[in-house]
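Source: prediction; values computed, not measured. Counting begins at 1 with the first residue of the sequence.
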Amino acid sequence: MNLPAMRAIYLFEMARTRRTLLQSIVSPVISTSLYFVVFGAAIGSRIDEIDGVSYGAFIVPGLIMLSILTQSVANASFGIFFPRFTGTIYELLSAPLSYLEIAASYVGAAATKSIFLGLIILATAALFVPLRIEHPFWMLLFLLLTALSFSLLGFIIGIWADNFEKLQLVPMLIITPLTFLGGSFYSIGMLPPIWQTISLFNPVVYLVSGFRWSFHGVADVSVAVSLAMTLAFLAIFLAIVAWIFRTGYRLKS
């Protein structure tokens with residue numbers, strides 16, 4: 001395994017975060033703070049507790065998950081798309097690096113940035129609402145698995161997209177709506193039965209539910225099912241990335 005080359009790619013991607021600090025870190029934190037002001041303070045004061053948890057604390061896992069999903073996809077997709085766009089992908093492909101090492105470097109950097117951002121948002125949330133984390137190990141595990149899974153998805157999107165418009169298509173039209181409708185700001189148990197059933201077809205429900213359970217010990221679906229679904233996403237996206245490198249799909253276009 002070519003660790004020096006992987007380290008070079010990883011550090012280059014991490015350095016891009018420092019160069020775009022306002023966009024990568026400050027902007028998501030400010031956006032999350034505004035969610036707390038609007039939902040936690042203004043609206044939350046008019047909403048009773050949900051499953052024994054204050055509304056402000058209840059939405060914290062959903063807000064963190066919203067940022068993790070969107071930032072993981074954005075970081076990983078842009079990271080691999082830009083070399084394709086500029087043509088430097090050929091230098092990367094001609095280097096003594098296996099496809100696995102290339103994917104691990106980009107995905108690892110994107111996941112690291114997303115986890116770091118999630119922890120910053122968690123610390124920010126503690127300034128607005130009293131927080132408790134009942135299962136810290138499982139919280140970190142769900143955070144890690146989700147960041148890795150959606151960084152892989154972002155990597156796939158970066159390979160698939162052939163322009164900047166397509167690069168934004170899936171996050172804007174699919175990921176963000178599914179996250180908002182996935183119980184980030186409410187419990188699906190509050191919905192009518194028919195909408196509860198429909199919500200179970202939304203994969204983000206399982207991610208948010210498992211992550212919320214690690215905080216408050218309450219969940220909309222079984223924690224075992226949430227973990228199984230998270231692992232399934234990881235396996236599916238890994239299989240797609242392996243197929244991309246095996247077939248060379250759009251790597252040289």
Side-chain angles (χ1 to χ4, degrees), residues 12-47 50 53-79 81-82 106-133 136 139-140 142-144 146-151 153-154 157-158 164-165 167-186 204 207-208 211-212 214-216:
F12 177 81
E13 286 298 301
M14 293 303 294
R16 183 160 59 84
T17 301
R18 293 193 296 270
R19 294 193 299 269
T20 58
L21 191 62
L22 288 176
Q23 177 184 353
S24 302
I25 302 296
V26 177
S27 178
V29 171
I30 291 177
S31 298
T32 304
S33 299
L34 291 176
Y35 279 122
F36 278 115
V37 171
V38 175
F39 287 92
I43 298 178
S45 61
R46 301 175 179 271
I47 298 178
I50 301 178
V53 181
S54 68
Y55 185 71
F58 182 85
I59 65 174
V60 169
L63 287 175
I64 296 175
M65 193 60 64
L66 173 63
S67 297
I68 290 291
L69 297 184
T70 54
Q71 292 300 313
S72 295
V73 171
N75 287 322
S77 60
F78 185 82
F81 173 80
F82 195 71
Y106 281 104
V107 171
T112 300
K113 288 184 279 188
S114 298
I115 292 172
F116 181 65
L117 177 61
L119 295 177
I120 292 177
I121 293 175
L122 178 61
T124 304
L127 301 176
F128 291 90
V129 293
L131 283 179
R132 73 177 192 273
I133 303 176
M139 186 274 286
L140 292 174
F142 273 111
L143 191 67
L144 174 62
T146 303
L148 285 174
S149 299
F150 282 80
S151 293
L153 176 60
I157 294 171
F164 284 98
E165 182 178 338
L167 197 66
Q168 299 295 325
L169 186 65
V170 174
M172 291 287 290
L173 298 183
I174 298 179
I175 302 297
T176 300
L178 286 179
T179 305
F180 275 94
L181 296 174
S184 297
F185 300 102
Y186 58 88
V204 177
L207 303 178
V208 174
F211 195 55
R212 180 171 288 131
S214 69
F215 278 77
H216 308 305

Please set out all donor-acceptor pairs under 3.5 angstrom arising from side-chain atoms of residues 175-186, sequence neighbours excluded.
| from | atom 1 | to | atom 2 | distance (Å) |
| --- | --- | --- | --- | --- |
| Thr176 | OG1 | Pro171 | O | 3.0 |
| Thr179 | OG1 | Ile175 | O | 2.8 |
| Ser184 | OG | Thr179 | O | 2.7 |
| Tyr186 | OH | Leu181 | O | 3.0 |

Exercise. Any donor and acceptor pair, going by atom type alone, linking the side chain of His216 with main-chain N or O of Pro61 inside 3.5 Å?
Worked result: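 Not a single qualifying donor-acceptor pair exists.
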
Is any side-chain heavy atom of [X] less than 4.5 Å from a side-chain heavy atom of [Y]?
X	Y	result
Leu119	Leu143	yes
Phe211	Ile64	yes
Val129	Leu131	yes
Leu144	Ile115	yes

Exercise. Excluding sequence neighbours, so at least two apart, what forms ring pair (Phe, Tyr, Trp, His ring centres under 6.0 Å) with Phe82?
Worked result: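 Once residues adjacent in sequence are excluded, the partners of Phe82 under the ring pair (Phe, Tyr, Trp, His ring centres under 6.0 Å) criterion are Phe78.
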
Could you give the distance from [atom1] ([X]) to [atom2] ([Y]), rounded to the nearest 0.5 Å?
X	Y	atom1	atom2	value
Phe116	Ile120	CZ	CD1	3.5 Å
Met65	Phe142	CE	CZ	8.0 Å
Leu153	Ile174	CG	CD1	9.0 Å
Thr146	Leu69	OG1	CG	6.5 Å
Arg212	Leu207	CZ	CG	12.0 Å
Asn75	Leu117	CG	CG	8.5 Å

How would you list, by chain and number, every residue that makes a side chain to side chain contact (heavy atoms under 4.5 Å, CB included) with [X], sequence neighbours excluded?
X	result
Ala15	Arg18, Arg19
Ile133	Leu122, Pro136, Met139, Phe215
Met14	Tyr10, Ala109, Thr112, Lys113

Looking at [X] and [Y], what are the two nearest heavy atoms and their distance?
X	Y	answer
Ser151	Ala147	OG-O, 2.7 Å
Ser77	Ala74	OG-O, 3.1 Å
Ala57	Pro130	CB-O, 3.9 Å
Val53	Phe58	CG1-N, 3.8 Å

For this session: Could you name each residue pair satisfying side-chain hydrogen bond (donor to acceptor under 3.5 Å, both in side chains) that touches residues 114-128, not counting sequence neighbours?
Result: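 Matches after skipping sequence neighbours: Ser72-Ser114.
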
Exercise. Does atom CZ of Phe12 have more than 12 heavy-atom neighbours, drawn from other residues, nucleotides or ligands, at distances under 6.0 Å?
Worked result: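 Incorrect, the count does not exceed 12.
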
